[in-house]
Amino acid sequence: SAVISQKPSRDICQRGTSLTIQCQVDSQVTMMFWYRQQPGQSLTLIATANQGSEATYESGFVIDKFPISRPNLTFSTLTVSNLSPEDSSIYLCSAPGADQETQYFGPGTRLLVL
Amino acid sequence: QKEVEQNSGPLSVPEGAIASLNCTYSDRGSQSFFWYRQYSGKSPELIMFIYSNGDKEDGRFTAQLNKASQYVSLLIRDSQPSDSATYLCAVNKAGGYQKVTFGTGTKLQVIP
């Protein structure tokens, strides 16, 4: 399995500001994934972070709102920009295991926007 | 039609019973199927994956896949109160590592 850490674990932010979430994997992986889980809901994929190329965004998510960096094979950041209360959610990063089929999740970042 | 469908529950079973969790998917080309357990306030934890038709057993857990019916299930034998959680079904549309689509999850309550 992959061991994944995220920082911060939680934050409270003011409307209009931005939050950058960091994700670290204990092994080199080609792709990392960012998800959002709104209260009481399932996971929604925001984007795929590819090392060496632009992130691939899912329908309804745009780079201006959710810029992603992927500077190397073990690290990625997701920024949630121009925060509004609707962005209050849990943000999760994930990465594949050694078999490239299974997917493992970090502990998540709980964001509250006031 | 949702890509991955699950009954939201809650599904209540007495301690020691078998819990049966079900999931259907819409894309007949799907190839990999996963079950995650998510405790309240925690991130999803992978508990089972299955690629071929039939049953796959791991301890108290059995995953069952029927591609013809586009149906995947998770059985939990000898259910324990610690099994109380939300169980997420996830489907990978293509072979190799691709985007995984999650169902909305079934909340399981094991009653002591």
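All values below were derived from every heavy atom in this structure, side-chain atoms included, with hydrogens, water molecules and symmetry-related copies excluded. This is a predicted model, so every value here is computed, not measured. Proteins come first, then strands; the chains are lettered A, B, ... in the order of their sequence lines, and each starts at number 1.
In terms of hydrophobic clustering, with Ile, Leu, Val, Met, Phe, Trp and Tyr side chains grouped at heavy-atom distances under 4.5 Å, B/Leu21 and B/Val13 are assigned to a common cluster. A single hydrophobic cluster is seen to contain both A/Phe61 and A/Val80, as judged by linkage of ILVMFWY side chains at heavy-atom distances under 4.5 Å, directly or through other members. Cluster membership for B/Val72 and B/Met48, using ILVMFWY side-chain heavy atoms within less than 4.5 angstrom, is shared. A single hydrophobic cluster is not seen to contain both B/Tyr87 and B/Leu46; linkage of ILVMFWY side chains at heavy-atom distances under 4.5 Å, directly or through other members, places them apart.
Side-chain N or O atoms of B/Ser43 include none that pairs as donor or acceptor with a backbone N or O of A/Gly108 at under 3.5 Å. Under a 3.5 Å cut-off, the side chain of A/Ser42 and the backbone N or O of B/Gly103 do form a donor-acceptor pair.
Crowding of B/Lys56 atom NZ: a count of heavy atoms from other residues, nucleotides or ligands under 6.0 Å exceeding 12. The number of heavy atoms from other shown groups lying within 6.0 Å of CD (A/Glu54) does not exceed 12.
Heavy-atom pairs under 4.5 Å with chain A peak, among B/Ala90, B/Pro44, B/Gly105, at B/Pro44.
When all heavy atoms of B/Val100 and A/Gln103 are compared, the pair lying nearest together is CG2-NE2, 3.2 Å.
Distance check: B/Phe102 CZ to A/Gln37 CD gives 9.0 Å after rounding to the nearest 0.5 Å.
Put simply, the side chain of B/Glu45 does not reach to within 4.5 Å of the side chain of A/Phe105, judged on heavy atoms.
Both the backbone and the side chain of A/Leu43 come within less than 4.5 Å of a heavy atom in chain B.
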